[in-house]
Amino acid sequence: MTVYAIIGGSGLTRLEGLDIRQSLAVDTPYGAPSAEVQIGEYAGKEVLFLARHGHPHRIPPHRVNYRANLWALKQAGAEAILAVNAVGGIHPAMVTGHFCVPHQLIDYTSGREHTCFADNLEQVTHIDFSNPYSEPLRQQLIAALAAEGVGYSGQGVYACTQGPRLETAAEIARLERDGCDIVGMTGMPEAALARELELDYACLALVVNPAAGKSAAVISMAEIEQALRDGMGKVTSTLARVLKG
Ligand code: HPA
């Protein structure tokens, strides 16, 4: 049976309903992960949970120790990762409250520690990353969203920006020309590190605001936080469906 891990993003620093049996402080070659890895029962399954930004939410996207997080989950026994990400909507279908299970990504980040394949190598290794997400895992998320009856897109291109500032309207226009549908700050290098560590990985993205220039209004933290509060119940019930199979 596959051991699933959930990486919770903004708005999901705790997994409501997780019956925690163990909290593991995992030491990794890259330092400490964002938080302890919680191991417990959720939806009748043993599951691992890690808060990407720490608990309480305090680590900004560009400071997350992605290498330590992925390493810690692998070390704790994870085989498949369900990553939850809050995003801005670029494509007109990506309105606030909409879900997207991206099938592709473009990495616009810079200066992040992005690989476990740098030091003490026996051989230079290049992972295949043509399809950055696990298709079977994506299909499980899509089936769960369909069963939940929520608005979702079963594919999309995720743009990962550096943050922590939001983008300019011109940057979003450029991402749109590049073919991006949603924009977030935490999808990379997380997805690539999962591939390096041979962990299946898929993303459940919740749109929490129109991306810069896509609405006349200023993007506010209050608006984003409200959208997270409104959407998190659906996120957790979708994850529960995936785990129940
Ligand atoms: N841009 C980048 N990251 C985000 C956004 C956004 O508009 N909303 C939530 N995460």
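The structure displayed is predicted, hence computed values, not measured ones. Note that ligands are numbered from 1 as they come in the structure, with each ligand's atoms numbered from 1 the same way.
Counting protein heavy atoms only, atom 8 (N) of ligand 1 is closest to N209 OD1, 2.6 Å. Nearest protein heavy-atom contact of atom 3 (N) of ligand 1 is G184 CA, 3.4 Å. In terms of protein heavy atoms, atom 6 (C) of ligand 1 is closest to L166 CD2, 3.4 Å.
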### Message
Run Y4 and L137 through side chain to side chain contact (heavy atoms under 4.5 Å, CB included) and show every step you take.
### Response
CA-CA 10 Å; Y4 288 87; L137 212 48; 3.7 Å; yes
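When each of H91, H98, H103 is paired with S153, the side chain to side chain donor-acceptor pair (under 3.5 Å) condition holds for H98 and for no other.
The cluster map of Ile, Leu, Val, Met, Phe, Trp and Tyr, joined by side-chain heavy atoms under 4.5 Å apart, puts L199 and V47 in different clusters.
Which of G88, C160, P210 comes nearest to atom 5 (C) of ligand 1 through a heavy atom is settled by distance: it is G88. Distances from atom 10 (N) of ligand 1 to the heavy atoms of A205, P164, A86 put A86 nearest.
Looking at T28 and Q75, their side chains never bring a donor and an acceptor atom within 3.5 Å of each other. T161 and E167 share a donor-acceptor pair across their side chains, judged by distance under 3.5 Å alone.
Only the side chain of V208 comes within 4.0 Å of ligand 1, judged by heavy-atom distances. Residue contacts with ligand 1 for V183 involve both N, CA, C or O and side-chain atoms from C-beta outward (heavy atoms, distance under 4.0 Å).
Between E171 and R174 no salt bridge is recorded (no basic side-chain N to carboxylate O distance below 4.0 Å).
Interface atoms of ligand 1 facing E167, defined by a heavy-atom separation under 4.0 Å, are 1 (N), 2 (C), 6 (C), 7 (O).
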